[in-house]
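Treat the numbers as computed from the prediction; the structure is a model and nothing was measured.
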Amino acid sequence: MDKKLRVGVLGATGMVGQRFIALLENHPWYQVVAVAASPRSAGKTYEEAVGGRWKMATPMPEAVKKLVVMNVNEVEAVAACVDFVFSAVDMSKDEIKAIEEAYARTETPVVSNNSAHRWTPDVPMVVPEINPEHFQVIEFQRRRLGTKRGFIAVKPNCSIQSYAPVLTAWKEFEPYEVVATTYQAISGAGKTFQDWPEMVENIIPYIGGEEEKSEQEPLRLWGEIRDGVIVKAAEPVITCQCIRVPVLNGHTAAVFVKFRKKPSKEELIARMVEFKGLPQELALPSAPRQFIQYLEEDNRPQVRADVDFENGMGISVGRLREDTVYDYKFVGLSHNTVRGAAGGAVLCAELLTAQGYIQARE
């Protein structure tokens, strides 16, 4: 790419917004030129607006410190200075739907981390290794919006990243029933232990909305485009429990699976470690070389040892074994704010760029 695309981050001061800023530092294709947030942050430098709330382990990039935060509600002003935006705004679902659509109507592509548009029928919800063909629905969305360049694309919920790719790798064996329990990090709620001390040595057996997302969103990934909309798959049927645990980063899942065509353990491991998609074939900048790794040790995957596999963009799996009630069971681990949030959105943007959906404004 001769010249970097100009990127805006909506909701730049929150935890996911900060992760976008950190991941985009020195990106070979993209340069952050605009940061936008709520009116109370607007007019301050990014450094001033974030203040002592920088939550990343790496320092705030120098290139963004002096950027003046724009009012995210001033859509035309923000859109005028960027080629596309990442969205991590903290608003109600209806407000998010409206503002993301407003940006798209300014002919600005929107790649969103938010859940608001995940079930909008003509908005693609994509894990680039799993369902890149769903980006084809963008042409129908543009017709609805009346745009030539603008559109909205989203990534799915962080909680499904530790098992949906694995089940996709096993598709030929026809998994039809799945039980999953996810053990989810506090950063998934935008928190650290400093601002959520109640989570130290604690477990909360409820996360609002997560179980429905964990059960239904994989089915949309495995769905198909019909008449300009995405129709979700019927199987596998998934039932899920989601538990908040005292971990900063990393969602772990304990998963049980039934197959119509029962495979061997060796076949399952081979399909996982060989599984790759367009991001690997195109060698996209954020793509993990190894998407799923299998760990033979009985005590892996562990958050401390494995959450940063492939810079947080890979999935770690262990403890695959036959079960007495289901066919097989396993444990999966993914980084919830990298692969599960900002990193997954950046990878979506890279594939959209490679396929020509995102280009520099003329």
pair [X]-[Y]: side-chain heavy atoms closer than 4.5 Å:
X: W222; Y: I130; value: yes
X: I358; Y: D83; value: no
X: P218; Y: I238; value: yes
X: E224; Y: I230; value: no
X: W29; Y: L5; value: no
X: V154; Y: P124; value: no
X: P246; Y: F193; value: yes
X: V72; Y: V78; value: no

Look at atom [atom1] of [X] and say whether more than 12 heavy atoms of other residues, nucleotides or ligands are closer to it than 6.0 Å.
X: K4; atom1: NZ; result: yes
X: Q280; atom1: CD; result: yes
X: R53; atom1: CZ; result: yes
X: D323; atom1: CG; result: yes
X: R144; atom1: CZ; result: yes
X: D90; atom1: CG; result: no
X: K171; atom1: NZ; result: no
X: N299; atom1: CG; result: yes

Nearest 0.5 Å, what's the [atom1]-[atom2] distance between [X] and [Y]?
X: Q241; Y: S214; atom1: CD; atom2: OG; value: 11.0 Å
X: S159; Y: E211; atom1: OG; atom2: CD; value: 9.5 Å
X: K213; Y: I160; atom1: NZ; atom2: CD1; value: 11.0 Å

Row check, F256 ring normal vs K329 NZ/CZ: under 6.0 Å, within 45°: no
Cation over ring face, R260 and Y176, 6.0 Å, 45°: yes
Counting distance only, does the side-chain N/O of [X] pair as donor-acceptor with the main-chain N or O of [Y] below 3.5 Å?
X: R105; Y: L145; answer: yes
X: R321; Y: R319; answer: yes
X: R142; Y: F151; answer: no
X: E107; Y: A104; answer: no
X: Q18; Y: T13; answer: yes
X: R244; Y: M199; answer: no
X: Y328; Y: L268; answer: no
X: Y163; Y: T252; answer: no
X: T168; Y: A164; answer: yes
X: K55; Y: G190; answer: yes

Taking side chain to side chain donor-acceptor pair (under 3.5 Å) as the cut-off, I'd like each qualifying pair that reaches into residues 70-81, sequence neighbours left out, listed once.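 Of all non-adjacent pairs touching residues 70-81, those that pass side chain to side chain donor-acceptor pair (under 3.5 Å) are N71-N73.
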Can you list everything that forms a salt bridge (charged side-chain N to carboxylate O under 4.0 Å, His left out) with K97? Sequence neighbours excluded, please.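 Salt bridge (charged side-chain N to carboxylate O under 4.0 Å, His left out) list for K97, sorted by chain: empty.
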Kindly write out the residues that satisfy salt bridge (charged side-chain N to carboxylate O under 4.0 Å, His left out) with E274, not counting sequence neighbours, or none if the list is empty. none
Carefully, step by step, assess Q290 and E310 under the rule side chain to side chain donor-acceptor pair (under 3.5 Å). CA-CA 7 Å; Q290 180 78 39; E310 290 282 9; over 6 Å; no
For side chain to side chain donor-acceptor pair (under 3.5 Å), just list the numbers for S187 and N336, CA-CA rounded to whole Å, side-chain angles, deciding distance to a tenth of an Å, and then say yes or no. CA-CA 8 Å; S187 58; N336 56 294; 2.8 Å; yes
Parallel, tilted or perpendicular: ring planes of Y30 versus H27, cut at 30 and 60 degrees: parallel
Salt bridge flag under 4.0 Å for residues K262 and E322: yes
Check this for me, if you would: do E281 and K276 make a salt bridge, where the nitrogen-to-carboxylate-oxygen distance has to be below 4.0 angstrom? no
I'd like to know whether S92 forms a side chain to side chain donor-acceptor pair (under 3.5 Å) with E95, so could you lay out the CA-CA distance, the side-chain angles of the two residues, the decisive distance to 0.1 Å, and finally the verdict. CA-CA 5 Å; S92 71; E95 289 172 325; 3.1 Å; yes
Hydrophobic cluster membership, V346 vs V32, 4.5 Å side-chain cutoff: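 Linked, V346 and V32 end up in one cluster.
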From R220, K155, H117, H134, residue fulfilling side-chain contact (heavy atoms from CB on, under 4.5 Å) relative to M125: R220
Do W170 and F330 have their ring centres less than 6.0 Å from each other?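 Between F330 and W170, which both carry aromatic rings, the centre distance is below 6.0 Å.
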